[in-house]
There are 2 protein chains.
Amino acid sequence: MAARRKLTRADILDATLDLADESGLAAVTMRAVAERLGVTPMALYRHVGDKQGLLDGLVERLLADQPVPDPELPWRDRLRQHGAAIRATARRHPDVFGLLLARRAATPGARRTRDSVYQALRDGGVPEADVPRVERLLSTFVLGFAASEAGGRFPDGAVADADFAYAEQWFGQLLPGGGPPP
Amino acid sequence: MAARRKLTRADILDATLDLADESGLAAVTMRAVAERLGVTPMALYRHVGDKQGLLDGLVERLLADQPVPDPELPWRDRLRQHGAAIRATARRHPDVFGLLLARRAATPGARRTRDSVYQALRDGGVPEADVPRVERLLSTFVLGFAASEAGGRFPDGAVADADFAYAEQWFGQLLPGGGPPP
DNA sequence: ACCTGAACACCGTTCAAGT
DNA sequence: ACCTGAACACCGTTCAAGT
């Protein structure tokens with residue numbers, strides 16, 4: 001509809017995300033993305049490599065958009081914000097979210113989030129040697145939970161919220177402070 | 001290679017699982033499965049509906065094959081066996097395992113496993129009202145962990161084993177007994 | 001009832017060509 | 001450098017037809 005001059009990688013990922021949210025991951029084809037941009041399918045190849053590159057770009061983008069909590073906040077609040085942010089992403093992009101668990105997360109975006117969680121755990125008194133392990137377990141749980149939520153494995157949103165709150169209490173007891181949630 | 005008389009749904013799912021394990025989920029096409037069975041693609045439709053039905057059948061089969069621990073065993077051992085079994089399935093069929101998290105688990109196979117976990121939690125002293133919630137959280141964690149492992153998110157198998165053992169201790173502290181792992 | 005042949009609309013991707 | 005046209009080998013699925 002609009003007459004755009006230059007095709008960019010960001011344009012392509014925008015269009016892909018919109019398409020996936022509207023019509024599901026199965027509707028994401030090189031041809032459909034191209035059509036949405038008013039361009040020929042072959043034009044995409046220069047910018048994203050191939051279809052695999054397109055999907056990788058989507059995951060990278062979701063991770064990069066993940067907000068990082070203010071480091072001045074109490075560590076528990078920072079952990080809680082990370083959890084809430086991932087769940088929000090899963091609910092907003094349920095179809096794309098499945099890719100997150102399937103793909104190894106070695107992107108810069110993933111590292112930003114991980115470093116923030118590391119620091120929160122250190123501030124919470126987790127021994128330095130245990131920090132990476134605890135981060136892996138926490139993020140595995142939260143990613144799995146969010147993916148389950150996105151995949152419709154919970155009866156409804158209220159149950160998911162209650163379950164997550166329950167889990168926050170669980171984990172909160174395990175972290176050094178011993179009080180409430182991460 | 002063999003001259004088989006009648007094509008069955010089980011034959012088709014066998015061939016599909018083998019194909020997925022050997023060549024990945026992307027290689028699972030109606031045409032490739034048919035060729036492996038020495039049959040025409042259209043012959044599959046009568047038995048599995050369509051491609052979606054084929055993939056659903058695969059998930060259903062993985063769940064149905066999941067062993068159920070002997071009810072006479074101590075409840076902690078039963079929970080541990082469930083966890084080990086799911087991880088083993090994920091390692092054996094890494095490509096197919098991703099479908100498990102994506103699909104709602106309302107199959108009979110899923111119910112068998114869930115009922116066994118319910119009973120173990122009851123035997124472990126979890127209040128009846130909390131049993132479904134605790135089962136959801138435990139299975140979310142284990143499924144997420146296994147999917148991460150299958151997706152290569154852990155540095156290597158030894159780290160995964162150590163992380164899982166650590167997590168078992170965590171959860172063990174939270175369950176009524178308070179001792180070691182689930 | 002069960003399988004096949006032929007056909008349809010759709011994929012991802014390449015390659016040479018245009019500007 | 002960036003985009004296009006034409007083409008290739010492949011999809012899932014249908015339909016009428018065979019046995």
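A, B, ... follow the sequence lines: proteins, then strands. Residue 1 opens every chain.
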Distance-only check: which donor-acceptor pairs under 3.5 Å involve side-chain atoms of residues 54-63 of chain A, not counting sequence neighbours?
{"unit_1": "A:D56", "atom_1": "OD1", "unit_2": "A:R103", "atom_2": "NH1", "d": "2.5"}
{"unit_1": "A:R61", "atom_1": "NH1", "unit_2": "A:D14", "atom_2": "OD1", "d": "2.5"}
{"unit_1": "A:R61", "atom_1": "NH2", "unit_2": "A:D14", "atom_2": "OD1", "d": "3.1"}

message: So if I define the base as every atom that isn't primed, P, OP1 or OP2, how would nucleotides 13-19 of chain D read as a B/S/- string at a heavy-atom cutoff under 4.0 Å?
response: BB-----
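Side-chain N or O atoms of B:D95 include none that pairs as donor or acceptor with a backbone N or O of B:A20 at under 3.5 Å.
Residue A:T40 places none of its side-chain N or O atoms closer than 4.0 Å to OP1 or OP2 of D:dC3. Considering only side-chain N and O atoms, B:H47 lies under 4.0 angstrom from the phosphate OP1 or OP2 of C:dC3.
For the pair B:R87 and B:D161, the salt-bridge criterion is met [side-chain N within less than 4.0 Å of a carboxylate O]. For the pair A:E72 and A:R78, the salt-bridge criterion is not met [side-chain N within less than 4.0 Å of a carboxylate O]. Salt-bridge formation is not detected for the pair A:R114/A:E135: no Lys NZ or Arg NE/NH1/NH2 atom is positioned less than 4.0 Å from an Asp or Glu carboxylate oxygen. A salt bridge links A:R80 with A:D77; the closest basic N to acidic carboxylate O contact falls under 4.0 Å. No salt bridge links B:K6 with B:D11; every basic N to acidic carboxylate O contact stays at or beyond 4.0 Å.
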- request: Take A:H82 and A:S116 through the test side chain to side chain donor-acceptor pair (under 3.5 Å) and record every step on the way to the result.
  value: CA-CA 9 Å; A:H82 276 298; A:S116 169; 2.7 Å; yes
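Distance, B:L37 CG to C:dC2 P: 16 Å, rounded to whole Å. Across the protein-nucleic acid pair, B:R9 atom CZ and C:dC2 atom C1' stand 17 Å apart, rounded to whole Å. What separates CD1 of B:I12 from P of D:dG12 is a distance of 14 Å, to the nearest Å.
Every stem involving DNA chain C, taken as at least 3 paired positions in a row under the Watson-Crick or G-U wobble test at 3.5 Å, is listed here: C:4-8 with D:12-16, C:12-16 with D:4-8.
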